[in-house]
Amino acid sequence: VQLQASGGGLVQPGESLTLSCVPSGRFFSMNGVAWYRQAPGKQREKVADISSEGNPNYEDIAKGRFTISRDNSKNTVYLQMNDLKPEDTAVYYCNANLVTPGPTSRISQRYWGQGTLVTVSS
């Protein structure tokens, strides 16, 4: 099972981007999902998370500008980012709790996506 994060790119300050996080492979369910980011030279930090029921939670860096959502029919979690600033430049990672088939029972564990680069620059 793998997580695929996509949607990053180069944008100008004030513009918007929407990131997507999608698992691939065999799994039964995708439960809680979180977005993290890591800027050059800095530690990875949490941005937002969303429960399997769709309840969002935002860190201060995301409040008011970012929206996390999910479409369970598509097994996809989104991070809509508005009014982007140069300090939002980072590699964005998704982290999801996936339930996968095990040898004798189902296994619930967290997976990291490979990251997608967001660059905000004029």
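- Shown here for Lys74 and Thr76, the closest heavy-atom pair between the two residues is O-OG1, 2.8 Å.
- In terms of the side chain to side chain contact (heavy atoms under 4.5 Å, CB included) criterion, residue partners of Asn97 (sequence neighbours excluded) are, by chain and number, Asn31, Val99, Ser108, Arg110.
- With values rounded to the nearest 0.5 angstrom, Cys94 atom SG is found 13.0 Å from Ile50 atom CD1.
- Under the rule for a side-chain hydrogen bond (donor to acceptor under 3.5 Å, both in side chains), the partners of Lys63 that lie at least two apart in sequence or sit in another chain are Asp60.
- For residues 4-52, the set of pairs meeting the ring pair (Phe, Tyr, Trp, His ring centres under 6.0 Å) definition, not counting sequence neighbours, comprises Tyr36-Trp112.
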Can I get a per-line list of side-chain donor-acceptor pairs under 3.5 Å for residues 39-49, giving both atom names and the distance, sequence neighbours left out?
| unit_1 | atom_1 | unit_2 | atom_2 | d |
| --- | --- | --- | --- | --- |
| Glu45 | OE2 | Arg37 | NE | 2.8 |
| Glu45 | OE2 | Arg37 | NH2 | 3.3 |
| Lys46 | NZ | Asp49 | OD2 | 2.8 |
| Asp49 | OD2 | Asn57 | ND2 | 3.2 |

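- Considering only residues two or more places apart in sequence or on other chains, Ser24 meets the side-chain hydrogen bond (donor to acceptor under 3.5 Å, both in side chains) condition with none of them.
- Both Ile61 and Val33 sit in one connected hydrophobic cluster of ILVMFWY residues. Membership requires side-chain heavy atoms under 4.5 Å apart, directly or through other members.
- How far CG of Leu98 is from CD of Gln2: 11.5 Å, rounded to the nearest 0.5 Å.
- Within the structure, the disulfide (SG to SG under 2.5 Å) test picks out no pair touching residues 44-79 (sequence neighbours left out).
- The ring pair (Phe, Tyr, Trp, His ring centres under 6.0 Å) pairs that include a residue from residues 47-100 number zero, where partners must be two or more places apart or lie in different chains.
- For the atom pair Met30 CE and Arg70 CZ, the distance stands at 5.0 Å (nearest 0.5 Å).
- Residues passing the side-chain hydrogen bond (donor to acceptor under 3.5 Å, both in side chains) test with Arg106: none are found, sequence neighbours excluded.
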What pairs of donor and acceptor atoms, side-chain ones from residues 4-23 against any protein atom, are under 3.5 angstrom apart with sequence neighbours left out?
| unit_1 | atom_1 | unit_2 | atom_2 | d |
| --- | --- | --- | --- | --- |
| Glu15 | OE1 | Gln12 | N | 3.0 |
| Ser16 | OG | Asn82 | OD1 | 3.0 |

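- Annotation: side chain to side chain contact (heavy atoms under 4.5 Å, CB included) contacts of Asn55 (sequence neighbours excluded): Ser51, Glu53.
- By the salt bridge (Lys or Arg N to Asp or Glu O under 4.0 Å) test, Asp71 is found to be paired with no residue, residues two or more places apart in sequence or in another chain being considered.
- Taking all atoms of both residues into account, the shortest heavy-atom contact from Leu84 to Arg65 is CA-NH1, 3.9 Å.
- The minimum heavy-atom distance linking Ile107 with Pro103 is given by the pair CD1-CD, 4.3 Å.
- Residues Met81 and Val118 are in side-chain contact: their nearest non-hydrogen atoms beyond the backbone lie under 4.5 Å apart.
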